[in-house]
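First the structure, in the form of structure tokens, and then the observations on it.
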Amino acid sequence: MSLSKVGATSGAGTLAGALPHEPIPTRAFITCGLASLAGLMFGLDIGVIAGALGFIGKAFAASQRTEEWIVSVMMIGAAAGAAGAGTLSHRLGRKKSLLIGAVLFVIGAVACAFAPSVPTLMIGRVILGLAIGIVAFAGPLYISEVAPQHWRGAMVSLYQLMVTIGIFAAFVSDSLLTASGNWRLMLGIIAIPGIAFLVAVLFLPESPRWFLLHNRTEEARTVLYSLRSDPRAVDREITEIGEQLKVRQLGTTLFLHNPNFRRSVFLGVGLQIIQQLTGINVIMYYAPKIFGIAGFGAGAANWATAVVGLTNVLATLLAIGFADRWGRKPMLITCFITMAIGMAAVGTLLSMGVHGETTRYLLVAMVLVFIIGFAAAPGPLIWTLCAEIQPLQGRDFGIGASTFTNWAANWLVGNTFLTLLTVLGQAPTFWLFAIMNAGFILFIVFLVPETKDMSLEAIEQNLMAGKSLRHIGR
Ligand code: BGC
């Protein structure tokens with residue numbers, strides 16, 4: 001999920017807490033809504049493998065290592081897609097990048113559905129990964145550029161929510177298809193929303209900011225007139241964007257020569273490593289396996305996974321509602337404690353042996369505790385923070401580095417979980433995640449700033465003045 005990229009251009013950098021009073025023009029809302037389907041596609045592709053994996057494993061007599069690769073190879077594609085997405089959306093435009101992403105989604109889904117062997121299945125998953133990497137960059141960027149200023153936070157949050165809805169929808173679709181055991185249909189069916197997304201993108205206007213970036217002022221003006229209710233505001237907005245575009249992105253140079261910028265880059269990278277080492281994607285990719293270990297049959301395990309997906313959606317709403325009121329740090333600390341408890345309890349239940357219905361449901365409940373903890377803070381807020389802490393001149397570079405790290409760490413976790421279960425044992429694997437989640441509290445307390453109610457300019461001033469990281473916020 002990628003609130004991060006928003007900050008690259010939005011200058012808003014906060015999640016929507018209270019909604020602004022002035023209504024959003026219908027056209028702008030529809031445009032953002034259609035673009036947020038990018039988030040839905042992202043979520044569908046993350047979620048779809050969970051319920052299908054068991055059947056795929058049987059069909060190809062795949063070893064545990066092979067299963068780990070089938071899951072995690074997608075993240076290699078995503079990292080590559082994310083690495084190229086900046087150049088793509090700069091050169092071709094946001095709309096064309098989204099179009100390329102949409103086409104890749106459809107091709108990837110079809111390739112997976114018809115894959116005759118494990119290597120071809122993996123190629124299909126890499127293509128899906130490329131699609132994710134591109135749209136997870138271009139989607140939020142586009143939304144932040146077409147949304148009216150006061151609605152920017154809310155519209156980007158809508159994108160966030162769509163990611164979790166996509167994951168949930170994929171879990172439900174897998175559950176409905178479990179009885180048939182038809183994993184090809186599970187993977188292939190997401191070509192349908194992929195085509196819908198493709199058609200939706202065709203109707204989107206190009207981003208006005210991109211037009212301005214390429215000195216195409218009249219086209220930018222035409223798009224803005226169609227998206228704003230007050231024509232006078234359009235000229236003001238064009239001037240403002242023009243001013244912002246004068247700030248040159250210094251990226252690598254700044255990184256090499258400015259130790260203060262290096263600190264914010266490392267903080268972003270560290271935050272994303274932490275987000276993945278919470279173990280969230282262990283649950284997202286392998287929940288049915290975990291529930292299988294606890295004695296659930298395939299059908300029940302996939303339905304329990306769907307409940308996990310729904311909980312993820314609902315708890316994300318909590319983060320959206322409260323981040324700007326309670327502040328990032330208290331929410332993060334509370335949620336890391338919650339996640340540590342959830343993981344520790346899952347480990348303990350597994351170590352005692354899950355016999356009988358009650359313990360089985362208790363195990364699901366503890367996984368839900370973990371998910372609530374993740375989705376109510378680190379899920380969305382780490383993306384927010386990664387965007388907020390970077391100074392304007394290095395924002396593209398800083399956010400690029402942290403986003404790439406997110407995919408790399410995501411790959412690592414997805415690629416090793418089953419092996420960890422075998423090598424360390426089931427309970428110790430979850431205890432390990434519990435210990436890490438508890439340890440991350442220290443990172444939050446000592447290194448992370450409170451950015452609630454802070455302008456991005458003030459954060460930047462503090463960072464560049466050499467204040468310690470935790471003091472660059474309030
Ligand atoms: C993470 C993803 C994860 C998703 C689950 C995001 O914030 O970056 O890796 O799959 O949350 O909702």
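Numbering of ligands and ligand atoms starts at 1, following listing order.
The aromatic rings of Phe433 and Phe417 lie tilted to each other, with the angle between the two planes from 30° to 60°. Between Phe255 and Phe266, the ring-plane angle classifies as perpendicular under the 30° and 60° cut-offs.
Applying the side-chain hydrogen bond (donor to acceptor under 3.5 Å, both in side chains) rule to pairs touching residues 71-93 yields Ser72-Asn415, sequence neighbours excluded.
Looking only at atom types and distance, the side chain of Ser63 has a donor-acceptor partner in the side chain of Thr66 under 3.5 Å away. At a cut-off of 3.5 Å, with distance as the only test, a side-chain donor of Glu145 or Ser207 sits close to an acceptor on the other residue.
Of all atoms in ligand 1, listed by their number and element, those nearer than 4.0 Å to a heavy atom of Gly379 are 7 (O). Annotation for ligand 1: atoms under 4.0 Å from non-hydrogen atoms of Asn410 are 9 (O).
For Ile280, no nitrogen or oxygen atom sits less than 3.5 Å from a nitrogen or oxygen atom of ligand 1, counting backbone and side chain alike. Ligand 1 has a nitrogen or oxygen under 3.5 angstrom from a nitrogen or oxygen of Asn312.
In Asn406, the part holding a heavy atom less than 4.0 Å from any atom of ligand 1 is the side chain. Residue contacts with ligand 1, taken as heavy atom pairs separated by less than 4.0 Å, involve Ile167 solely via side-chain atoms from C-beta onward. With a 4.0 Å heavy-atom cut-off, ligand 1 is reached by no atom of Ile382.
The closest approach between a heavy atom of Gln276 and any atom of ligand 1 is below 4.0 Å.
A ring-ring contact (aromatic ring centres under 6.0 Å, His included) with Trp183 is found for one member of Phe55, Phe114, Phe60 and no other, namely Phe60.
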